[in-house]
Colleague: 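So that we are looking at the same thing, I have put the structure below in structure tokens.
All values below were derived from every heavy atom in this structure, side-chain atoms included, with hydrogens, water molecules and symmetry-related copies excluded. These numbers come from a predicted model, not from an experiment.
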Amino acid sequence: MNRTEAFKQGKALTPAESLQLMKKALNFEEWPLRRQQFVPGFSPRTGSALFTKEFTFQRERLLPIISSWVGRNYFYDQVESRSAFDLTVIVSQQSARDAADGLLLQMVYTQMHSEPRANFTNPPLGEVTIYRHPDTKQSIAFVRNNVAISIENYTSGRKQPDLEGIAAEIDRGLQESPTVSTLADDAHVPRITRFEPRSTVLPPGGRTDLEIEVKDDYPPLQYLFRVELGSYNLDPAQGGRWYFRAGPVKGKAELTLTVVNQINLMAESRCSIAIE
């Protein structure tokens, strides 16, 4: 996407418009992305990638859930050499194209200072390798099946991390992972077996506990809520039980729960509460 195209008739483009321009510039429709070959989850913290022996894991951050992919940032560093990098993992529950969408959208949101380029005819990594910066020591990304990986250099010292080596190690791990034709009933995906309010009718300002049961083999789990006509809260006095507080307006409150496990797979469930 040409930076001069970032504005249209004097107005900044929306992220959706910027994403479409980037796709056009990178010939997105020609990318040879795989169909119906899903890697059932991925996290660098559960694998045995070689880079973990050299770098120290510091922190992670779950990105906002958008549609059907889970994104998470992982930060690694070497204190002595002041060498550091940020790893973004996107796991789509839907398709490789969806994962690629998520990767490009993250590039839009991080406001690059240079134009990305994509190698999809003879990529060294994945089905498509994306270079966000002319210097491959600064940034590299790729898409393999339904997983997208992006690595950014945050080094302040002289010793630069081997981004290509790290990416290649992750890619080998993804290639060696078994694949499934769908994630719909895969055992790696968390299962929300119960999500319902204890009371289905509340007065304005009323409260009800949320009954939640999840089956999963890859903890810890993260719980994300979207609610209308009220708010969700965690009550530490009840052992960390979630509850819903109705707002002042009468109506039908819709609640959505998204559960994400450690290998970046998710499940979603919905319920409703009448505010009368």
Side-chain angles (χ1 to χ4, degrees), residues 1 19 22-52 55 63 66-74 76 85-110 112 114-153 161-183 186 188 263-265:
M1 177 178 62
L19 177 61
M22 183 180 290
K23 284 183 174 182
K24 182 179 179 181
L26 296 177
N27 298 310
F28 184 76
E29 294 303 319
E30 297 181 23
W31 289 12
L33 301 172
R34 294 181 177 177
R35 298 181 180 180
Q36 295 184 330
Q37 292 188 41
F38 293 86
V39 176
F42 173 75
S43 166
R45 298 195 65 191
T46 60
S48 57
L50 294 179
F51 72 82
T52 59
F55 288 86
L63 301 177
I66 299 178
S67 184
S68 55
W69 53 265
V70 175
R72 204 184 306 243
N73 292 122
Y74 305 84
Y76 296 83
F85 67 91
D86 180 271
L87 169 65
T88 298
V89 173
I90 292 174
V91 180
S92 173
Q93 327 293 294
Q94 188 177 66
S95 66
R97 193 158 295 274
D98 186 51
D101 256 345
L103 178 63
L104 295 185
L105 186 60
Q106 287 304 304
M107 292 183 181
V108 169
Y109 279 126
T110 51
M112 300 167 303
S114 59
E115 304 306 323
R117 55 190 174 89
N119 183 344
F120 54 87
T121 56
N122 187 27
L125 300 164
E127 284 82 52
V128 181
T129 304
I130 302 99
Y131 301 96
R132 300 180 60 183
H133 192 278
D135 184 359
T136 58
K137 295 181 179 179
Q138 297 302 315
S139 175
I140 195 166
F142 67 92
V143 181
R144 170 73 67 183
N145 295 82
N146 60 310
V147 178
I149 300 292
S150 177
I151 309 177
E152 300 292 318
N153 185 0
D162 180 12
L163 298 192
E164 291 182 304
I166 294 168
E169 183 67 26
I170 294 173
D171 194 27
R172 281 193 293 271
L174 291 172
Q175 288 178 280
E176 294 170 359
S177 298
T179 59
V180 295
S181 59
T182 177
L183 291 174
D186 192 79
H188 296 75
I263 58 173
N264 296 311
L265 293 175

Colleague: May I ask you to test the D86-I151 pair for a side-chain heavy-atom distance under 4.5 Å?
Modeller: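 With C-beta onward as the side chain, the pair stays apart.
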Colleague: Applying side-chain contact (heavy atoms from CB on, under 4.5 Å), run through E152 and R132 and close with a yes or a no.
Modeller: CA-CA 9 Å; E152 300 292 318; R132 300 180 60 183; 3.0 Å; yes
Colleague: Measuring from atom CG of L265 to atom CG of D186, what distance do you get when rounded to the nearest 0.5 angstrom?
Modeller: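 Result: 7.5 Å between the selected atoms.
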Colleague: Rounded to the nearest 0.5 Å, what separation is found between the CG atom of L125 and the OH atom of Y131?
Modeller: 6.5 Å
Colleague: Given 3.5 Å as the limit, does a donor-acceptor pair link the side chain of N27 with the main chain of E30, or not?
Modeller: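 The answer is no, because no donor-acceptor pair under 3.5 Å joins these two groups.
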Colleague: Is any side-chain heavy atom of P44 closer than 4.5 Å to one of L87?
Modeller: yes
Colleague: Output, in order, the C-alpha distance, side-chain angles, deciding distance and verdict of side chain to side chain donor-acceptor pair (under 3.5 Å) for D98 and S92.
Modeller: CA-CA 6 Å; D98 186 51; S92 173; 2.7 Å; yes
Colleague: Any heavy-atom pair between the side chains of N73 and L63 that's under 4.5 Å?
Modeller: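 They are in contact (side-chain heavy atoms under 4.5 Å apart), so the answer is yes.
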Colleague: Would you please name every residue forming a side chain to side chain donor-acceptor pair (under 3.5 Å) with N264, sequence neighbours left out?
Modeller: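 With neighbours one apart ignored, the set is R72, Y74.
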Colleague: Quick one: does L183's side chain get under 4.5 Å of F38's, heavy atoms only?
Modeller: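 They are in contact (side-chain heavy atoms under 4.5 Å apart), so the answer is yes.
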Colleague: Take V108 and M22 through the side-chain contact (heavy atoms from CB on, under 4.5 Å) test and state the conclusion after the steps.
Modeller: CA-CA 8 Å; V108 169; M22 183 180 290; 3.9 Å; yes
Colleague: Can you find a heavy atom in the side chain of W69 that is under 4.5 Å from one in the side chain of L105?
Modeller: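 Yes. Closest side-chain heavy atoms under 4.5 Å.
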Colleague: Restricting to non-hydrogen atoms, name the atom on T179 and the atom on Q37 that form the minimum distance, rounded to 0.1 Å.
Modeller: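 The pair with the smallest heavy-atom distance is CB-C, 4.4 Å.
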Colleague: Do I166 and E169 have side chains that approach each other closer than 4.5 Å (heavy atoms only, starting at C-beta)?
Modeller: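 I166 does not reach E169 side chain to side chain.
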Colleague: Which pair of heavy atoms, one from F142 and one from A167, lies closest together, and at what distance?
Modeller: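 Answer, listing the atom of F142 first, then A167: CE2-O, 3.6 Å.
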Colleague: Take the angle between the ring planes of W31 and F120 and call it parallel below 30°, perpendicular above 60°, tilted in between.
Modeller: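 Geometry flag for F120 against W31: tilted rings.
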Colleague: Is Q36 atom CD crowded by more than 12 heavy atoms from other residues, nucleotides or ligands, each under 6.0 Å away?
Modeller: no
Colleague: Considering all heavy atoms of both residues, which atom of Q94 and which atom of S68 are nearest to each other, and what is their separation?
Modeller: CB-OG, 3.3 Å
Colleague: Taking all non-hydrogen atoms of both residues, which atom of P178 and which atom of P40 are closest, and how far apart?
Modeller: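 That closest heavy-atom pairing would be O-CD, 3.1 Å.
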Colleague: What residues, two or more places apart in sequence or in another chain, satisfy side chain to side chain donor-acceptor pair (under 3.5 Å) together with T129?
Modeller: none
Colleague: Any side-chain heavy atom of L33 within less than 4.5 Å of one from V143?
Modeller: yes
Colleague: Measuring from H133:NE2 to N153:CG, what's the distance to the nearest 0.5 Å?
Modeller: 9.5 Å
Colleague: Does N145 reach the main-chain N or O of V147 with its side chain, forming a donor-acceptor pair under 3.5 Å?
Modeller: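 The answer is no, because no donor-acceptor pair under 3.5 Å joins these two groups.
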Colleague: Examine distances only and state if a side-chain atom of E164 and a backbone atom of D162 form a donor-acceptor pair shorter than 3.5 Å.
Modeller: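 Not at all, since once roles are kept as given, no pair shorter than 3.5 Å links the two residues.
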Colleague: A side-chain contact here means heavy atoms from C-beta on lying under 4.5 Å apart; do L103 and S150 qualify?
Modeller: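 The answer is yes, as the side chains (C-beta and beyond) meet within the 4.5 Å cut-off.
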Colleague: Restricting to non-hydrogen atoms, name the atom on I90 and the atom on A99 that form the minimum distance, rounded to 0.1 Å.
Modeller: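 Nearest heavy atoms, I90 then A99: CG2-O, 4.0 Å.
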Colleague: Among residues two or more places apart or on two chains, list those pairs meeting salt bridge (charged side-chain N to carboxylate O under 4.0 Å, His left out) that have a residue in residues 133-146.
Modeller: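 Pairs touching residues 133-146 that pass the test: E127-R144, R144-D171.
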Colleague: Any donor-acceptor pair under 3.5 Å linking the side chain of T46 with the backbone of F42?
Modeller: no
Colleague: Grab the two heavy atoms, one from N146 and one from V39, that are nearest each other, plus how far apart they are.
Modeller: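 That would be OD1-N, 2.6 Å.
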